There are 2 protein chains.
Amino acid sequence: MAASSRPTIHEVAKAAGVSISSVSRALNGNTSNPEMVARVKAAVKQVGYVPSAVAQSLKTQQTGQVAFAMEDIGNAAYLAMVREIQPLLREDGYRLLLHATGADVQDEIEVLESLAQKYVDGLILCPIRVTDRHLAALRSPAVPVVVIGQLPEEADVDNVRTDSRQGARLAVEHLYAAGARRIAFINGPADTVPGRLRHAGYQDGLHACGLEVDDSLVEFGGFQVSAGREAAQRLLARTQPDAVFAANDLIALGAMHAIRSAGRSIPEEIQVVGMDDTTLAETSFPPLTSVSLGSRDRGRLAADMLLARLHGETGPARRATVAPSLTVRESTREAAA
Amino acid sequence: MAASSRPTIHEVAKAAGVSISSVSRALNGNTSNPEMVARVKAAVKQVGYVPSAVAQSLKTQQTGQVAFAMEDIGNAAYLAMVREIQPLLREDGYRLLLHATGADVQDEIEVLESLAQKYVDGLILCPIRVTDRHLAALRSPAVPVVVIGQLPEEADVDNVRTDSRQGARLAVEHLYAAGARRIAFINGPADTVPGRLRHAGYQDGLHACGLEVDDSLVEFGGFQVSAGREAAQRLLARTQPDAVFAANDLIALGAMHAIRSAGRSIPEEIQVVGMDDTTLAETSFPPLTSVSLGSRDRGRLAADMLLARLHGETGPARRATVAPSLTVRESTREAAA
DNA sequence: TTGAAAGCGGTACCAA
DNA sequence: TTGGTACCGCTTTCAA
């Protein structure tokens, strides 16, 4: 079991026959006497000394830790971000803390407010909703914060975003070009920022293509596979679309199940486009055409921004935008020439 | 931007006109004078005080943090564990630190050795390989450690494991019961512990069913979708199986693509079983029968064990084993009665 | 160059 | 009950 108490700098000093100041200096490279360094290093090895991260933190006022807070690490988009962020932080010697808030606004705010405890040096936050309390907490955070997602113009916070509205429009335009005319939309919850933006982009796309907005072609639900399946079932029971744009890949997957169960072929009878371009899209059958919102890029940019602040960068809040792009696979037909 | 310095307990004491000891007591519920509590709370609010986690850690010798180290959070099995572990830790007030070691043995050992820095109160480790250095570092860790995975008998470490060999056998027996006689096996790399165990289990299953071992039915590759597809292509070009057991769900997915591309139907002509029972299995087409190795259960058990230690449990190393189980879906036929 | 000592921001013991 | 004070383990200033 765990040994109860590890040697401290005092043990090293005693073993080396020097003061603790000298030990500290030798270990941190703040001495020019090589003999001293050698003695200290030997003593360190002898007693098996490892500096206490906590004591160092208290003195230096830095924890060497950064937190990443999102709704659910099971969401492929966040997962992609984590996989991008962690190595970057690590390269700089930072450890990564994970907060899964479970879409609970209260939790998100607690994370934000707990920053004052100074257990991390910075935070990357992916809020699903942005409330006034978010903005208040964001006004003067105890440590640098980077937000991934939409933020009101007036918020003075480092921010990485994508244009999911534009992305939704891309999907619709692609389907139109591929011959679809009755393009259905299966959305997530209507009361979320992503939900609203995607819906707006869907309508943008219809307008751009000269198609009528038909509410009977729109369904709402959750962002999961099961929700997608159920929404598609309701949709197919009611009307006859020749294409489905789903607000994310999970919904698209569920919709494809429902479509097949209803005896319709993909893409011959009904084309399908997803969003987020997760690994699910490549591995599904048929492989799913999907709008990429650049999760990896967003993760990388957010990490870069945060590291810049941690390295002492000052100045006004920065903002970066990642453009959406379309990855065409077999769930949609080639665009007509 | 971040305010430079937050109020400390001294500011609170001054504002409340009491000593810092009283503030500490009032805040930690070690006082019975309600008036004092009220005064202190008011002062806390007035100056906007939040205790420093670092200072508390230094004094209490507890960080309130636990680390989880695995190869890659992108791996669905580890992801499932994280999703199980995080809420459990959180319930107990622990924050979760994530170490993705990228299958680098050196990194794993560094994580283990860095425990002496005491930046966490405990660790859950999923090693890919267990070397002597692992075992040495595990001999007297600075904090409690739970290992998820196979460990030598003599290792005195809390340990959660599964029996993937038995799991592979289950898959083969299921396929046999469903009528398959030429059961192919697409494995991952042969030189890994999981690879070896699954192969052994595959052979166990064949023996148990009275089937001949036929090496022309076995393929090796990576643990990814693309590797699964390629291996299946080689297999189908060479021989004619009526079932494929894949060493994980990703391989199975790739194999299903290849099988369909070759014009064979699933499960009518070729049945497919995967392993790990990830969410991919439910969402694939057709939904994939898969052997669950109980990732979620293993995560939960590991968290429980660690929390028990953190709560002061002493005594010899514990060991738990999660039995594999089969989740039958549409990629295999019902067993004949 | 080296050592003594003053903190970093808390907790908890001890005496009043 | 309350306040004074000694730490927790380290870094860094300041004299010697």
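Computed from a predicted structure; not experimentally measured. Per chain, numbering begins at 1; letters A, B, ... match sequence-line order.
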5' priority, DNA chain D, between A:Ser22 and B:Ser22 [closest heavy atom]: B:Ser22
Minimum heavy-atom distance between B:Leu27 and B:Val40, given as atom pair plus value: CD1-CG1, 3.5 Å
Sugar-phosphate, base or nothing in reach of B:Val18, heavy atoms under 4.0 Å: sugar-phosphate
Nearest-Å distance for atom pair NZ/P, residues A:Lys118 and C:dG10: 11 Å
Options C:dT11, D:dG3, C:dC8, nucleotide nearest the side-chain atoms of B:Ser24: C:dT11
Sugar-phosphate, base or nothing in reach of A:Val23, heavy atoms under 4.0 Å: nothing
Smallest separation among heavy atoms of B:Ala142 and B:Ala116, with atom names: CB-CA, 3.5 Å
Between D:dG9 (C1') and A:Ile9 (CD1): distance, integer Å: 8 Å
Side chain of B:Ile20 (C-beta onward), nearest among D:dT5, C:dG3, C:dG9: D:dT5
A:Tyr119 OH to C:dG9 C1', straight-line distance once rounded to whole Å: 18 Å
Whole-Å gap separating P (C:dA4) and NE2 (A:His10): 11 Å
Whole-Å gap separating C1' (C:dT11) and CG (B:Asn30): 9 Å
No-H, no-angle donor-acceptor pair, B:Ser21 side chain to C:dA12 base, under 3.5 Å: yes
Nearest non-hydrogen partners of A:Arg309 and A:Pro144, listed with the distance: CB-CB, 3.8 Å
Nucleotide D:dT2, atom P - distance to CZ of B:Arg39 in whole Å: 9 Å
Candidate nucleotides D:dT1, C:dG9, D:dT11, ranked by approach to the side chain of B:Asn33 - the nearest: D:dT1
Touch class at under 4.0 angstrom, heavy-atom based, for B:Ser57 against every strand present: nothing
Closest listed nucleotide, where the reference is the side chain of B:Tyr49 and the choices are C:dT11, D:dC10, C:dG10: C:dG10
Distance-only donor-acceptor test, A:Lys59 side-chain atoms vs C:dG7 base atoms, 3.5 Å: yes
Under-4.0 Å side-chain N/O to phosphate OP1/OP2 contact, A:Thr8 with D:dG9: no
Shortest side-chain distance from A:Asn28, nucleotide among D:dT11, C:dC8, C:dT11: D:dT11
5' priority, DNA chain D, between B:Ser32 and B:Thr60 [closest heavy atom]: B:Ser32
Below 4.0 Å: OP1/OP2 of D:dG9 and any side-chain N or O of A:Gln56: no
For the student: nearest non-hydrogen atoms of B:Phe68 and B:Met81, plus distance: CZ-CB, 4.0 Å
Length of the line joining B:Leu27:CG and C:dA12:C1', which is rounded to integer Å: 15 Å
Heavy-atom closest pair, residues A:Ala43 and A:Val12: CB-O, 3.7 Å
Touch class at under 4.0 angstrom, heavy-atom based, for A:Ser52 against every strand present: sugar-phosphate
Any A:Gln117 side-chain N or O less than 4.0 Å from OP1/OP2 of C:dG9: no
Atom pair distance, as rounded to whole Å: CD in A:Gln61 and C1' in C:dG10: 12 Å
Check: B:Thr101 side chain, B:Met70 main-chain N or O, donor-acceptor pair, under 3.5 Å: yes
Selected nucleotide, minimal atom distance to A:Arg25 side chain, candidates C:dG7, C:dG9, C:dG3: C:dG3
